[in-house]
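Report on the following structure.
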Amino acid sequence: MPGKLKVKIVAGRHLPVMDRASDLTDAFVEVKFGNTTFKTDVYLKSLNPQWNSEWFKFEVDDEDLQDEPLQITVLDHDTYSANDAIGKVYIDIDPLLYSEAATVISGWFPIYDTIHGIRGEINVVVKVDLFNDLNRFRQSSCGVKFFCTTSIPKCYRAVIIHGFVEELVVNEDPEYQWIDRIRTPRASNEARQRLISLMSGELQRKIGLKVLEMRGNAVVGYLQCFDLEGESGLVVRAIGTACTLDKLSSPAAFLPACNSPSKEMKESPLVHPPSHGCRSTHNSPIHTATGSRLTQNFSVSVPTLIYTGMGSGSAGKEGGPFKALLRQQTQSALEQREFPFFTLTAFPPGFLVHVGGVVSARSVKLLDRIHNPAFVGIMGNTRSYKLLDWNSFNSDEPETRDAWWAEIRQEIKSHAKALGCHAVVGYSESTSICEEVCILSASGTAAVLNPRFLQDGTVEGCLEQRLEENLSTRCGFCHIPYDELNMPFPAHLTYCYNCRKQKVPDVLFTTIDLPTDATVIGKGCLIQARLCRLKKKAQAEANATAISNLLPFMEYEVHTQLMNKLKLKGMNALFGLRIQITVGENMLMGLASATGVYLAALPTPGGIQIAGKTPNDGSYEQHISHMQKKINDTIAKNKELYEINPPEISEEIIGSPIPEPRQRSRLLRSQSESSDEVTELDLSHGKKDAFVLEIDDTDAMEDVHSLLTDVPPPSGFYSCNTEIMPGINNWTSEIQMFTSVRVIRLSSLNLTNQALNKNFNDLCENLLKSLYFKLRSMIPCCLCHVNFTVSLPEDELIQVTVTAVAITFDKNQALQTTKTPVEKSLQRASTDNEELLQFPLELCSDSLHSHPFPPVKEHLESASSNSGIPAAQRDRCSSWIELIKLKAQTIRRGSIKTTVTVEKASPVGDGNFRNRSAPPCANSTVGVVKMTPLSFIPGAKITKYLGIINMFFIRETTSLREEGGVSGFLHAFIAEVFAMVRAHVAALGGNAVVSYIMKQCVFMENPNKNQAQCLINVSGDAVVFVRESDLEVVSSQQPTTNCQSSCTEGEVTT
Amino acid sequence: MRRMDKGVSSKSPRKSGHTPFLRKWSYAGSGCRERNLGTPGSGLEAARPARAVLPPARAAAAPGVAMTSELDIFVGNTTLIDEDVYRLWLDGYSVTDAVALRVRSGILEQTGATAAVLQSDTMDHYRTFHMLERLLHAPPKLLHQLIFQIPPSRQALLIERYYAFDEAFVREVLGKKLSKGTKKDLDDISTKTGITLKSCRRQFDNFKRVFKVVEEMRGSLVDNIQQHFLLSDRLARDYAAIVFFANNRFETGKKKLQYLSFGDFAFCAELMIQNWTLGAVDSQMDDMDMDLDKEFLQDLKELKVLVADKDLLDLHKSLVCTALRGKLGVFSEMEANFKNLSRGLVNVAAKLTHNKDVRDLFVDLVEKFVEPCRSDHWPLSDVRFFLNQYSASVHSLDGFRHQALWDRYMGTLRGCLLRLYHD
């Protein structure tokens, strides 16, 4: 019984008029937690009531503290009839439960009503007194920190990364209870909001327990999702990565150790061309399985696909023994775990050793209905939401869902194994539900990890180890983890263009962010593959079968499209790949988004050849050659656009590393263990050359056309779906996060796949164009973390939701930094061919030091000349460099300030933030709260994480037309959601939300009845950030000390 | 029942049902909750077989493949405000007109966007402005609201532009009662001025809103307006003039007065507020800037003696003439007209006890003073000399006891007349 929750209701403002006669309101407040309710006095006749209540005290279990939300209801007192509800505020008090986070929640919260939206604000103060609980068998997990951020949070250091945690809870959806037939829509919505809030709390607590069991203290990359299964219930599931985190006391200290994908760290890889290396060709492994085991003794087996770029490969033996050793080590560390999965997408340096490729698995399931009427009855009870485990009603249920996911995860694991990897990073899970059919998907990137992180031992240990091994060069992660002789799929391997010691594939697909130490040439760009497939309407099993049959073809086509577009951009790697398959009643939609880059370590991609079927037809041939020319032009143009100009290295210098480059032998693939009933199917381009597009029918023609119709963003714009854009590193502090939603109605029934594809393609392209237009005032700018979500709310409707952040950058700086290294390396390439072994390392450190900021050049050079600069030390140096660079940037920014538009509200926001300790008085303007899907805020330092924000809202209207139609309704609702997120963050004392995501936006309308309903689920991490210009005074001493320390360390290690 | 029926004849006797979610949810507002009470689940069962059925009319109705945008929104964490679109919106253009105007501005060529993009962008901005409008009606709300995160500089811009008005419009309604009746005339004003009706309505409603808020308030009119509407000093002064004119119903629409600009009237209003209202004499007392000081107006009758008493009038004339001889280009005209002018000015004062005459103040001033002088082609400098001397020499009239009253009246009137005296 270890907690006391204290709540004080201070005041309200802007309340709606509830009494038409007086144009005023007699408001009072009910404060409810668990079963206890307190009330304030009625404040008569005011729209700005001052309650100034006493402290309401709740004595509760910490289990309840974690599960229950604090529920504040504002009502209008009515002497004669029932009191009218004005609206509610749900406050998640979880952030108050860990020691380092917020200590008090205090501020103005929007009063929200599911029918009317925001109706005024209420000022509330919440505190928690926690007593220590020594009970070992406790059910609560207070103190475990949760982060949505998919990297080690900025002011922490990872001591151990324990691994995968998952949990799911199931409940009846209140919307489908019988009682819903007699209660008001408002009551129904509120029941749902409350239930989901409760379920999230429970889920988080349970995950916390698992983390404690693993001896961790935090969950990073926490991703919680809802499956609205309709009649069969509501599933709330979450995955995350358990870690032991250490709080860093001073920001300077953590820089070398904790390498989160902050802006500073990302800057270090700048743009380094490969020095020189071997050359040959390609291969991208996407390893996919589409299993489909349906419930109810119905099982369809769908072939597992192994996608490959193309069908040839050969072997080299270097690095083999070492790899094996490493594998053994890691294996032992990972094998203890059921699922060696990590939801992280960015890692501390040295964590990621090799990347194998994307692994994904999908499974089609039929959702079951619950037939137990007793269940429904009990759940309808008002105070019933203390979660009744599904078990007590239907013993199968949670197990079923659990088993489904376990099955998929098992498959992923085996795919990873087939790729010679024992871990999966950048792992995520998703579902798509239509009626009773549900597609479960999981995907991640197979990888080999450094075992030291997974066991006890500190990051320092790892760094040392890395020094010994001399392994984690910036190209290390590209090296293949699998055995060349026994490749899981046919692939073209070459020697790494960077170190020339290890083999690399020709193309690399991953779901993670670009590693901080990767060498990239030029800039990246957003690459999307879009695909629609019509499907017959069908019932249950037949429907599921049809979907299962379509899936492999969709995956194949999505992959082909991605590959073609990647080639067209002249790039050779995809990061942040996210393939979303959405099921609708009469179609399937596939949308893959990724960020294409040119990795210096990988070979130059070949072009795209077009071949016709009837070569003797003259005019046809002409047409083909015309197309070919267009494609070649596009590639050339793209190379220029994205500044991809790798140094030309002739084959002779390198020597042909692969004896028989054109050999087409198919190698044995390792069969994934779990797929006994899954036959593997090689849908690789088989006998054809991979990038020959054969135009043999109109379909193919269409494909080629669609390739060419993708319009590049207007000049000054870049876009990517990773955290930041490779090749741009001088972000200014102006950011604009936005959500855009579009719904189109397909107006024809006899749609063809082609027409559908075109519509979908146009929808996405137009949406992007609109974004570019809207944000044109921010040029030069980059849309980062562009996240597309497709849903098919109805037969002929396609809904696309995009959330992204636009960040401006300083154009001149970007050009400077990208050009110098290229020039530099070009010089190098001609002279230093012999010193193959040390050269890449030297290049890295050298070029890194010299170009970005000339003033400190000598300084740096003296530092680097101390030693031969071993590879790993470079990291330390670079992090120290980052610090200087940061400084340099802030100085630079000072001069830039004038160009930044007035729109930037930060001065006021910051000012406000500084006096936040005092409760915001009624006269102050509202403090600015930034929101971003990224894990960092450009030009600022995150000094504190205040806790996770996880909110679920329902909004419904029965006066759609009056609220401006569907657009007006949704526009207002999303604006309100943003407002509520900001208010909660501000009340926690924060001034930004990072890693913000809108996980769900389910919109339904019924214009005939003038109705619409929308559900939105958002999450993120509330943080406190300090602008770097404010930090300047503090940090001015740090570079020197830091420099010294890293220099001395460098000497010691050499 | 299903929303899919929209636009299509729902002759086919299908049962309700769509996705379970929507199906259930559509009960919510349909009023059939109660009806279903008896047989829970019946609606759910019925749905299954119905799902695949599609109205045959549909295929015929929509030949060819096309897509229509149902919903299209953009919401930024910081609310995007496009100044150009805001202006178009304030000017009352419809979305279609605004898009056409934007196309004409050459924005498509500059940005390489398509008309569809422009349309969607304009719609978005219009929607945002529409949502903001409610807050703009009480600007302090805009500052404290949480829904739209707008930088303070932008907030100021939004407010200032929203409350800005067209000179042509304000001249039409200045001094009129801000009532429903006047609102009905907005149609005519719109046709006359070429300002869209929507914009006229906004401006009219702004005047009325400000009027209502400050009507019963104590303290300085300008300060009150500034505090409650967060306007710039300049704009607040203009509104003070508008409110003052509306309250006192000064006639400004007569043909004679057409040559006067809003600025002229605003200038006079400010002088009158400073000197002729209750607030002007006693800031502690019932500080009302809106109403003219009744007592003062009553007292003005006492000035009549200046023209009624023949001796005083002659003395006054000789004092003025002596002082101005040789200094005035139009001396002879002045001398000839002195009695008329003086009578005019004093009579205006004496009549101000009647509301009707207060309303005609500007008409009278123009008729009795500006027009006679103008017809004699007095230059402005001469008018100034004359008025200065005219009011100053009253101090030398021993028989006249209302010096303070005279100064309060003439000080303001002199300022006004000088402003009103132009072509």
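Excluded from the calculations below are hydrogen atoms, water molecules and symmetry mates; all remaining heavy atoms, backbone and side chain alike, are included. Below, read A as the first sequence line, B as the second, and so on, with proteins coming before strands; counting in each chain starts at 1.
- In this structure, CG on B/L80 lies 6.5 Å from NZ on A/K774, to the nearest 0.5 angstrom.
- Contact of B/D124 with chain A is made through backbone and side chain together, with heavy-atom distances under 4.5 Å.
- Separating the CD1 atom in A/I744 from the CG atom in B/D72 is a distance of 11.0 Å, to the nearest 0.5 Å.
- A/F773 contributes atom CZ, which lies 7.0 Å from atom CG of B/D82 (distance to the nearest 0.5 angstrom).
- Heavy-atom pairs under 4.5 Å with chain B were tallied for A/M737, A/R776, A/M931, A/R742; the largest tally goes to A/R742.
- With a 4.5 Å cut-off on non-hydrogen atoms, A/H14 touches chain B through its side chain but not through its backbone.
- In this structure, no portion of A/Y772 lies under 4.5 Å from any heavy atom of chain B.
- With hydrogens and angles disregarded, no donor-acceptor distance shorter than 3.5 Å links the side chain of A/R13 to the backbone of B/Q145.
- Annotation for B/H130: atom NE2 does not count as buried by contact number, only 12 or fewer foreign heavy atoms lying within 6.0 Å.
- For the atom pair CD of B/E70 and CD of A/E794, the computed distance is 8.5 Å after rounding to the nearest 0.5 Å.
- Interface remark: of the candidates A/V800, A/V966, A/V741, A/V741 forms the most heavy-atom pairs closer than 4.5 Å to chain B.
- Of all heavy-atom pairs spanning B/F148 and A/A975, the tightest one is CE2-CB, 4.5 Å.
- B/Q149 places a side-chain N or O within 3.5 Å of a backbone atom of A/V929 that can act as its donor or acceptor partner.
- For A/I118, the part lying near chain B is the side chain, with the backbone staying farther off; criterion is any non-hydrogen pair under 4.5 Å.
- Against chain A, the residues from residues 91-113 of chain B that qualify, each with a non-hydrogen atom under 4.5 angstrom away, are B/R102, B/I107, B/T111, B/A113 in number order.
- For A/L775, the part lying near chain B is the side chain, with the backbone staying farther off; criterion is any non-hydrogen pair under 4.5 Å.
- The OG1 atom of A/T801 sits 8.5 Å away from the CD1 atom of B/I73 when rounded to the nearest 0.5 Å.
- Summarising the geometry, atom CE belonging to A/M980 is positioned 8.5 Å from atom CD1 belonging to B/I147; distances are rounded to the nearest 0.5 Å.
- In terms of heavy-atom pairs under 4.5 Å with chain A, the best-connected choice from B/L146, B/V117, B/T128, B/L157 is B/L146.
- Among all heavy-atom pairs drawn from A/H971 and B/F74, the shortest one is CE1-O, 3.7 Å.
- When atom types are taken as modelled, the side chain of A/S967 and the backbone of B/L71 share no donor-acceptor pair closer than 3.5 angstrom.
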